[in-house]
Amino acid sequence: MAVFKVSFLGLVVVVMALFSASTLSLAHPAGFNFGWGSGWGSEPSRGHGGYAPAGGSFGLFPQFYQFSCPQANDIVISVLQQAIAREPRVAASLLRLHFHDCFVQGCDASVLLDDSTTIASEKRSGPNRNSLRGFEVIDEIKAKLEEACPQTVSCADILALAARGSIVLSGGPNWDLPLGRRDSRTASLSGSNSNIPAPNSTLSTLLTFFKRQGLDEVDLVALSGGHTIGVARCVTFKQRLYNQKGNNQPDETLERNYYFGLKSVCPRSGGDNNISPLDFASPAKFDNAYFKLILFGKGLLTSDQVLLTGNGIGNAGKTMELVKTYADDESLFFQQFAKSMVKMGNIRPLTGSKGEVRNNCRRLN
């Protein structure tokens with residue numbers, strides 16, 4: 001049992017994160033058993049209570065390690081259970097790592113590379129610096145996989161497996177995950193600075209960034225629902241509180257009491273690294289509360305709230321309806337989130353003889 005304390009609105013929200021077998025089997029009645037999923041493109045796998053979105057691509061398939069490293073996912077889950085029990089926030093951190101990887105030259109683990117004579121690390125980019133977390137958990141997973149199955153499981157696949165496992169361990173959906181990505185031999189610091197949308201993005205900017213990756217409005221809203229877990233730093237929402245439109249006024253879409261609570265966490269000057277939950281109703285539980293909060297003007301980031309309001313640019317029709325739909329139907333949100341995660345995980349992977357399988361996720365072989 002881990003106790004996760006978040007100071008918010010003058011209260012202390014205590015979230016009990018329970019990771020016992022009984023809790024997991026309640027969330028997944030068929031039993032907590034990922035296996036390797038059903039045949040790709042088949043009916044949803046009943047064996048693990050997950051979703052099997054139709055249509056694989058790029059030579060990725062769920063059973064990729066079925067013979068070369070059948071225990072791969074069990075190893076990932078074992079490390080995640082301990083890491084999340086120690087710090088529930090790490091689940092959201094690992095989901096974000098996968099997202100920030102895939103949006104820069106595809107899902108190739110380029111985000112994990114440290115600086116070297118040939119690599120300008122993406123960890124130094126504006127969106128990632130002093131912000132991305134969870135690297136040590138990935139290192140631990142990789143070390144254990146190298147012991148069990150040397151030079152077999154790629155760092156790119158570890159990111160995808162860790163993201164899925166983190167969602168499931170937080171109470172969210174499971175899905176058949178296509179595998180077989182290889183690791184890049186390059187990183188793109190400039191791409192990381194230019195391809196990851198900022199937390200103060202308008203809706204039109206968000207849509208542009210997602211469409212650049214082959215993702216649509218449905219994917220944008222569903223994947224934004226990942227903000228149902230985790231926290232954000234004051235610096236990412238300070239503009240909303242004090243100078244949203246350059247007129248020294250707060251964002252008018254913020255619910256009044258929520259606004260005053262955020263001001264107590266995030267002062268006008270200083271406090272940039274103070275944190276607030278993205279979903280204060282259930283910050284360590286993957287559910288649809290994020291969408292319900294947005295309907296009440298309690299989305300933390302500009303990029304959250306504009307899914308409903310459109311930020312005054314009149315193009316929020318479809319995203320607004322999706323926010324309302326997911327707020328009303330958690331199972332539909334879970335199903336679409338799983339589909340969109342598979343779609344995001346299929347962004348320009350390296351397969352076959354391209355790239356390599358790194359021995360250490362932080363550096364090239």
Side-chain angles (χ1 to χ4, degrees), residues 92-93 95-104 125-129 131-132 192-213 215-246 250-255 258-259 262 265-266 272 275-281 283 286 288-327 333 336-337 340-341 344:
S93 299
L95 174 60
R96 188 164 178 257
L97 259 184
H98 185 41
F99 165 57
H100 281 222
D101 181 42
C102 291
F103 267 54
V104 181
S125 72
N128 295 342
R129 187 175 57 250
S131 176
L132 274 192
S192 187
N193 276 315
S194 61
N195 288 321
I196 297 171
N200 62 349
S201 295
T202 63
L203 180 59
S204 57
T205 298
L206 290 170
L207 290 169
T208 297
F209 274 67
F210 272 66
K211 285 180 179 178
R212 192 184 296 168
Q213 305 295 341
L215 303 172
D216 59 22
E217 294 99 324
V218 177
D219 301 311
L220 167 61
V221 178
L223 292 173
S224 294
H227 284 177
T228 184
I229 55 175
V231 300
R233 295 184 301 152
C234 163
V235 68
T236 64
F237 57 88
K238 182 174 288 191
Q239 176 183 325
R240 294 191 75 198
L241 305 180
Y242 303 105
N243 193 25
Q244 178 71 339
K245 296 181 180 178
D251 184 345
E252 60 197 23
T253 66
L254 274 168
E255 193 271 336
Y258 185 56
Y259 161 68
L262 290 176
V265 174
C266 184
D272 284 358
I275 59 173
S276 183
L278 288 153
D279 163 6
F280 69 84
F286 197 96
N288 67 338
Y290 164 83
F291 296 106
K292 296 177 180 179
L293 291 171
I294 289 177
L295 292 180
F296 289 105
K298 297 177 181 179
L300 181 60
L301 307 176
T302 295
S303 58
D304 296 322
Q305 199 61 45
V306 295
L307 298 177
L308 179 72
T309 64
N311 207 29
I313 53 180
N315 62 349
K318 185 167 185 178
T319 61
M320 177 178 67
E321 288 308 313
L322 287 166
V323 169
K324 293 177 179 177
T325 297
Y326 298 152
F333 161 52
Q336 184 56 55
F337 182 83
S340 294
M341 282 294 289
M344 184 182 78

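Values below: every heavy atom of this structure, side chains too, minus hydrogens, waters and symmetry copies.
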When you look at M341 and H98, which way does the side-chain contact (heavy atoms from CB on, under 4.5 Å) test go after all the steps?
-> CA-CA 10 Å; M341 282 294 289; H98 185 41; 3.9 Å; yes
With side chains defined as the heavy atoms from C-beta onward, is the minimum distance between K298 and F280 less than 4.5 Å?
->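 Yes, their side chains come closer than 4.5 Å.
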Could you tell me whether the side chain of L215 reaches within less than 4.5 Å of the side chain of L220, counting heavy atoms only?
->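 They are not in contact (no side-chain heavy atoms under 4.5 Å apart), so the answer is no.
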Keeping [X] on the side-chain end and [Y] on the backbone end, is there a donor-acceptor pair under 3.5 Å?
X: Q305; Y: G299; answer: yes
X: T325; Y: E321; answer: yes
X: T302; Y: N200; answer: no

Using distance alone, with no hydrogens and no angle criterion, decide if R240 and T253 have a side-chain donor and acceptor under 3.5 Å apart.
->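 Distance-only check passes for R240 and T253.
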Do T208 and T205 have side-chain atoms, one donor and one acceptor, less than 3.5 Å apart?
->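 Distance-only check fails for T208 and T205.
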Partners meeting side-chain contact (heavy atoms from CB on, under 4.5 Å) with [X] (sequence neighbours left out):
X: A92; answer: I229
X: S192; answer: V104, E122, S125, N128, I196
X: K238; answer: C234, Y242, C266, D272
X: E252; answer: K245

Taking the six-membered ring where the residue is Trp, are the ring centres of Y326 and F337 under 6.0 Å apart?
->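 No - the distance between ring centres of Y326 and F337 does not fall below the 6.0 Å cut-off.
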Is the Y290 to F333 ring centre distance short of 6.0 Å?
->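 Distance test on ring centres: not under 6.0 Å, no.
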Atom of [X], atom of [Y] and distance for their closest heavy-atom approach:
X: G226; Y: F286; value: CA-CE1, 4.1 Å
X: E255; Y: Y258; value: OE1-N, 2.8 Å
X: R212; Y: S194; value: NH1-O, 3.3 Å
X: A232; Y: L278; value: CB-CD2, 3.9 Å
X: P127; Y: H100; value: O-CE1, 3.8 Å
X: P197; Y: F210; value: CG-CE1, 4.3 Å

With sequence neighbours left out, what residues match F237 under ring-ring contact (aromatic ring centres under 6.0 Å, His included)?
->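 If we apply the ring-ring contact (aromatic ring centres under 6.0 Å, His included) test to F237, skipping adjacent residues, there are no hits.
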Can you name the residues that form a ring-ring contact (aromatic ring centres under 6.0 Å, His included) with F99, not counting sequence neighbours?
->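 F99: ring-ring contact (aromatic ring centres under 6.0 Å, His included) contacts with F103.
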Nearest-0.5 Å distance, [atom1] of residue [X] to [atom2] of residue [Y]:
X: L241; Y: Q239; atom1: CG; atom2: CD; result: 10.0 Å
X: N288; Y: F291; atom1: CG; atom2: CZ; result: 8.0 Å
X: L206; Y: E217; atom1: CG; atom2: CD; result: 11.5 Å
X: D279; Y: T228; atom1: CG; atom2: OG1; result: 4.0 Å

Would you sort out whether T202 and V306 count as a side-chain contact (heavy atoms from CB on, under 4.5 Å), showing the intermediate values?
-> CA-CA 7 Å; T202 63; V306 295; 5.7 Å; no
Once side chain to side chain donor-acceptor pair (under 3.5 Å) is applied, do any residues pair with [X], and if so which ones, sequence neighbours excluded?
X: Q213; result: R348
X: H227; result: D304
X: R129; result: none
X: S340; result: D219, Q336

Full working for side-chain contact (heavy atoms from CB on, under 4.5 Å) between L254 and L262 | CA-CA 10 Å; L254 274 168; L262 290 176; 4.2 Å; yes
Among V231, T236, L300, find the residue that satisfies the side chain to side chain contact (heavy atoms under 4.5 Å, CB included) test when tested with S276.
->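 Answer after filtering V231, T236, L300: L300.
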Residue from L203, V221, L295, L322 passing side chain to side chain contact (heavy atoms under 4.5 Å, CB included) with L308 =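 Of all the options given, the one that passes is L295.
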Determine, stepwise, if the pair M344 / L223 fulfils side-chain contact (heavy atoms from CB on, under 4.5 Å).
-> CA-CA 9 Å; M344 184 182 78; L223 292 173; 4.2 Å; yes
